[in-house]
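What follows is one structure encoded as structure tokens, with my remarks underneath.
Chain letters run A, B, ... following the sequence lines, proteins first and then strands; every chain starts at 1.
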There are 2 protein chains.
Amino acid sequence: MSEDIVTPFRSHPHNHQRCVADAMALAEERCGRRGVRLTPIRRRVLELIWGRHEPVKAYDLLDQLREDHRGAAPPTVYRALDFLLEQGLIHRIESLNAYIGCGDPSHPHLGQFLICDRCNAVAEMDDSDIRDLLARKAATQGFHVNWQTIEINGVCPSCRAVPESVSAGDDSD
Amino acid sequence: MSEDIVTPFRSHPHNHQRCVADAMALAEERCGRRGVRLTPIRRRVLELIWGRHEPVKAYDLLDQLREDHRGAAPPTVYRALDFLLEQGLIHRIESLNAYIGCGDPSHPHLGQFLICDRCNAVAEMDDSDIRDLLARKAATQGFHVNWQTIEINGVCPSCRAVPESVSAGDDSD
DNA sequence: CCAGTCATGTTATTCTGTTGCAAATCAGTG
DNA sequence: CACTGATTTGCAACAGAATAACATGACTGG
Ligand SMILES: [Zn+2]
Ligand SMILES: [Zn+2]
Ligand SMILES: [Zn+2]
Ligand SMILES: [Zn+2]
């Protein structure tokens, strides 16, 4: 199947405790298998990212990190983020300068992201149709693709079901 | 035709003087028609962006701007950039924090960008197949699309024709 | 001329991310 | 254990990207 919804919109409340726990377990396992170290700082940052189901900013992470890790500085969090990105455990959302947990770190991939402008929810897809179409279109230009950044902004299902004004941000444009 | 190459890779050297002049003329015309003012600062910034056929950084623009416009400050250039973005005369490349001239400002559009990691060349597409596929895929998630950021990194045709080491950046990964 | 809008000047600040080097920790080795 | 080399962290400074806030100037239309 071409369409792989890695992280859907969390419309119905889910067991988030478990959701995070699963993600952490996957991460542990993956790092073990790869022979890289998911150190306490890295683990904590990943936890903080998963804690919200939204894109998280580096300096927000830093603030939270400082609460129980006195002496944390920008490099602390950026190094952890670099590690997590390398291991495919998180993704960076370029258009937001923010980071989000990867819903399927079992194989490395670039995701395609649906970003709700009202509630900040993000769904991750990993759709081969999209990947392939872009690669094909690029090829017609003689271009060889190494990396794709696909970020789609709009309104998620939950927010569409709601009168404009209720959700976060008064964008009565 | 679905495939619209707005700005192709400039493989053969082209008449860049004219290329810029045309772009400026289009911009003048478009602003006139829209009843907005392409002031000297805005015009200069657009010129500077077109001067290179690459993504240009805001602070590089600022430096250049200062050469003949003493007293230019960050807001000077960011305000000009905002204006040019609004008028669809330039695009912002999110993954680079950089700006590039739009090859077809005649109608407003989001572009899809092919970015060469070796030589920094960028080609702009505005391909309805891509746009539509993404909209369709988003729709299957109940998502309504307002905006798309499509940035594809890789190697452009000219650079593919050249042994790795010659071009900028030693990425013998 | 006056008021209103748009554009610019100016200063400071915030947010985002990196560099460089020293200290600590860890894994393997004899 | 002690020695070594690699990885990770601590720390201080800095660079780069963007915005806030408020004053000033310039171009409208009456
Ligand atoms: Zn969850
Ligand atoms: Zn993912
Ligand atoms: Zn364009
Ligand atoms: Zn190239």
Side-chain angles (χ1 to χ4, degrees), chain A residues 27-28 31-46 48-49 54-87 89-100 120 149 151 169, chain B residues 27-28 31-32 34-49 54-87 89-100 120 149 151 169:
Chain A
E28 294 281 4
C31 289
R33 191 181 305 281
R34 280 194 157 199
V36 296
R37 289 192 288 164
L38 188 60
T39 64
I41 292 181
R42 293 166 176 175
R43 183 182 296 109
R44 183 79 184 108
V45 169
L46 182 55
L48 288 171
I49 292 176
E54 289 180 347
V56 187
K57 305 232 149 199
Y59 275 68
D60 290 349
L61 288 170
L62 179 54
D63 289 341
Q64 296 184 258
L65 198 56
R66 280 206 240 249
E67 285 173 15
D68 49 42
H69 187 89
R70 203 208 104 81
T76 314
V77 67
Y78 280 105
R79 288 196 279 232
L81 289 171
D82 285 346
F83 172 86
L84 297 171
L85 286 168
E86 264 166 32
Q87 302 307 316
L89 297 169
I90 61 175
H91 294 287
R92 176 178 157 84
I93 309 288
E94 296 291 343
S95 58
L96 299 176
N97 295 337
Y99 306 82
I100 191 163
N120 300 321
T149 302
E151 298 174 9
Chain B
E28 294 282 3
C31 289
R34 281 195 159 198
V36 296
R37 290 193 289 166
L38 188 60
T39 64
I41 292 180
R42 293 166 176 175
R43 182 181 297 109
R44 183 78 183 108
V45 169
L46 183 56
E47 239 169 41
L48 288 172
I49 292 176
E54 290 180 346
V56 187
K57 304 233 150 197
Y59 274 67
D60 289 349
L61 288 171
L62 179 54
D63 288 342
Q64 295 184 257
L65 199 55
R66 280 207 240 248
E67 285 173 14
D68 49 43
H69 186 90
R70 204 208 103 82
T76 315
V77 66
Y78 280 106
R79 289 197 278 232
L81 289 171
D82 286 346
F83 172 85
L84 297 170
L85 286 168
E86 265 166 33
Q87 302 306 317
L89 296 170
I90 61 173
H91 294 286
R92 177 180 155 81
I93 309 288
E94 296 291 344
S95 59
L96 298 176
N97 295 337
Y99 306 83
I100 191 164
N120 300 320
T149 302
E151 298 173 9

Practice problem: Rounded off to whole Å, could you give me the CZ-to-P distance for the B:Phe83 and C:dT8 pair? | Solution: 9 Å
Practice problem: Please determine if a side-chain N or O atom of B:His69 lies less than 4.0 Å away from the OP1 or OP2 oxygen of C:dT8. | Solution: no
Self-check item: Results of salt bridge (charged side-chain N to carboxylate O under 4.0 Å, His left out) for A:Glu86 - residues two or more places apart only
Solution: none
Quiz item: Can you pull the contact range of chain B along DNA chain D, 5' to 3', using atoms under 4.0 angstrom from its heavy atoms?
Solution: D:dA17 to D:dC27
Quiz item: Which residues pass the side-chain hydrogen bond (donor to acceptor under 3.5 Å, both in side chains) test with A:Arg34, sequence neighbours left out?
Solution: A:Gln87
Quiz prompt | For the student: nearest non-hydrogen atoms of B:Thr149 and B:Glu94, plus distance | solution = CG2-CG, 3.8 Å
What pairs of donor and acceptor atoms, side-chain ones from residues 42-49 of chain B against any protein atom, are under 3.5 angstrom apart with sequence neighbours left out?
{"residue": "B:Arg42", "atom": "NH1", "partner": "B:Arg37", "partner atom": "O", "Å": "2.7"}
{"residue": "B:Arg43", "atom": "NE", "partner": "B:Glu28", "partner atom": "OE2", "Å": "2.6"}
{"residue": "B:Arg43", "atom": "NH2", "partner": "B:Glu28", "partner atom": "OE2", "Å": "3.2"}
{"residue": "B:Arg43", "atom": "NH2", "partner": "B:Leu38", "partner atom": "O", "Å": "3.1"}
{"residue": "B:Arg44", "atom": "NE", "partner": "B:Asp68", "partner atom": "OD2", "Å": "3.3"}
{"residue": "B:Arg44", "atom": "NH1", "partner": "B:Glu47", "partner atom": "OE1", "Å": "3.1"}
{"residue": "B:Arg44", "atom": "NH2", "partner": "B:Asp68", "partner atom": "OD2", "Å": "3.4"}

Self-check item: With sequence neighbours excluded, residues passing side-chain hydrogen bond (donor to acceptor under 3.5 Å, both in side chains) with A:Arg33
Solution: A:Glu29
Exercise. On DNA chain C, check which nucleotide each of B:Arg70 and B:Val36 is closest to and give me the residue with the more 5' one.
Key: B:Val36
Exercise. Check salt bridge (charged side-chain N to carboxylate O under 4.0 Å, His left out) between A:Glu151 and all other residues, then give those that pass, not counting sequence neighbours.
Key: none
Exercise. Using the test side-chain hydrogen bond (donor to acceptor under 3.5 Å, both in side chains), find all partners of B:Thr76 that sit at least two apart in sequence or belong to another chain.
Key: none
Quiz item: Which letter, B, S or -, goes with each nucleotide of nucleotides 16-25 of chain C from 5' to 3', with contact meaning a protein heavy atom under 4.0 Å?
Solution: BBBBB-----
Quiz item: In chain order, what residues pass the side-chain hydrogen bond (donor to acceptor under 3.5 Å, both in side chains) check against B:Gln64, with sequence neighbours excluded?
Solution: none
Quiz item: For the pair made of CZ in B:Arg66 and P in C:dT8, what is the distance, rounded to whole Å?
Solution: 16 Å
